[in-house]
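Working notes for the structure below.
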Amino acid sequence: DFLHLSGPNGVWNRVGGISKAGKGVVIGMLDSGIWPESKSFAGAKLGSAPDPANPTKAYRQGSDIVMHKADGQTFTGTCQAGPAFPAATCNTKIISARFYGENFLASLATPGDISPQEYLSPRDGEGHGTHTSSTAAGNNGVHAVVEGNDFGFISGVAPADAIGGHEARR
């Protein structure tokens, strides 16, 4: 409401409704990772072929994930496996996830001495990447309760889109 996304004069109404807000768009995030179990990122399991009924729906093609975007271009990504982040984690909402930790690992005083909240994978251990991703592209109507505080129902700005190229950097 604050951003004038909802309501009869809101942006979502002008693009055809919430179900079309961001459809066929890929949002790339570069942050601390993503917590894929969040309801903000719930999506269908990736199929193995394009869906003629939904041409922008992502699918697996071998080890790649492919999405034909609304602008006619094709996004190709991968779901990089790592601790607490199997390759099957990606879905039609999280269509790519990678981890780049070389600089983080090189900065450690004691090699391999990472905190229990950190993951050497695309998994978000501290919440910032999950927060920014869900703000941009989180599903609509997700009930948000954080540490026992009820924040009501939330939505990303473009809830119909996919999050691709989510790259975790530490």
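- Scored by the salt bridge (charged side-chain N to carboxylate O under 4.0 Å, His left out) test, E37 finds R123 as partners (sequence neighbours excluded).
- Counting heavy atoms from C-beta outward, Q80 and R98 have side chains that approach closer than 4.5 Å.
- The main-chain N or O of G127 is never found under 3.5 Å from a side-chain atom of T130 such that the two would form a donor-acceptor pair.
- Not a single ring-ring contact (aromatic ring centres under 6.0 Å, His included) links H131 to another residue, sequence neighbours left out.
- Between F99 and L120 the shortest side-chain heavy-atom distance falls below 4.5 Å.
- Counting only heavy atoms from C-beta outward, the side chains of M67 and T74 never approach each other to under 4.5 Å.
- In this structure, the side chains of I34 and F85 come closer than 4.5 Å at one or more pairs of heavy atoms.
- Cluster partners of V142 are I154, counting Ile, Leu, Val, Met, Phe, Trp and Tyr whose side-chain heavy atoms approach within less than 4.5 Å, directly or via other members.
- Here the closest heavy-atom approach between residue I18 and residue P159 is recorded as CG2-CG, 3.7 Å.
- Note: H4 NE2 to W12 CH2 = 13.0 Å, rounded to the nearest 0.5 Å.
- Note: D161 CG to K20 NZ = 15.5 Å, rounded to the nearest 0.5 Å.
- Judged by distance alone, with hydrogens and angles left aside, the side-chain atoms of D31 form no donor-acceptor pair with the main-chain N or O of G33 at under 3.5 Å.
- Taking the side chain as every heavy atom from C-beta outward, H68 and P55 never approach each other to under 4.5 Å.
- Transitive grouping of hydrophobic side chains (ILVMFWY, heavy atoms separated by less than 4.5 Å) keeps V66 and I94 in distinct clusters.
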| request: Start with the C-alpha distance between N54 and K23, add both sets of side-chain angles, then the distance that settles side chain to side chain contact (heavy atoms under 4.5 Å, CB included), and finish with yes or no. | output: CA-CA 10 Å; N54 184 357; K23 187 170 179 64; 3.1 Å; yes

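- Here the closest non-hydrogen pair linking P50 and P52 is O-CD, 3.4 Å.
- Residues N9 and R14 approach most closely at O-NH1, 2.8 Å, considering heavy atoms.
- Closest approach of I65 to C79, counting heavy atoms only: CD1-CB, 4.0 Å.
- There is no side-chain donor-acceptor pair under 3.5 Å between H128 and S32.
- Environment of CG in D1: sparse, with no more than 12 heavy atoms of neighbouring residues, nucleotides or ligands closer than 6.0 Å.
- Between I114 and F104, some side-chain heavy-atom pair lies under the 4.5 Å cut-off.
- Hydrophobic clustering (side-chain heavy atoms under 4.5 Å, transitive across Ile, Leu, Val, Met, Phe, Trp, Tyr) keeps W35 apart from V145.
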| Between F75 and I95, does a side chain to side chain contact (heavy atoms under 4.5 Å, CB included) hold up when you go through it step by step? | CA-CA 9 Å; F75 172 84; I95 63 171; 3.6 Å; yes

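- Taking the ring-ring contact (aromatic ring centres under 6.0 Å, His included) definition, one finds that H143 meets it with F153, sequence neighbours left out.
- Residues S19 and A160 share a closest heavy-atom pair of O-CB, 3.3 Å.
- F41 has its side chain out of reach of N139: every pair of non-hydrogen atoms, C-beta onward, lies at least 4.5 Å apart.
- For the atom pair NZ (K45) and SG (C90), the distance works out to 13.0 Å, reported to the nearest 0.5 Å.
- For the pair S121 (side chain) and P83 (backbone), a donor-acceptor distance under 3.5 Å is present.
- Under the side chain to side chain donor-acceptor pair (under 3.5 Å) criterion, Q61 pairs with no residue, sequence neighbours left out.
- To the nearest 0.5 Å, atom CG of residue L30 and atom OG1 of residue T132 are 9.5 Å apart.
- When side chains are defined from C-beta on, L46 counts as touching T92, because their heavy atoms get closer than 4.5 Å.
- Of all the heavy atoms in A81 and A87, the pair that sits closest is CB-N, 3.8 Å.
- The local environment of NZ in K57 is sparse, with at most 12 non-hydrogen atoms from other residues, nucleotides or ligands closer than 6.0 Å.
- In this structure D64 satisfies the side chain to side chain donor-acceptor pair (under 3.5 Å) test with no other residue, sequence neighbours excluded.
- Rounding to the nearest 0.5 Å places CE of M29 at 10.5 Å from CG of D124.
- Linking Ile, Leu, Val, Met, Phe, Trp and Tyr whenever their side-chain heavy atoms come within less than 4.5 Å leaves F2 and F151 in two separate clusters.
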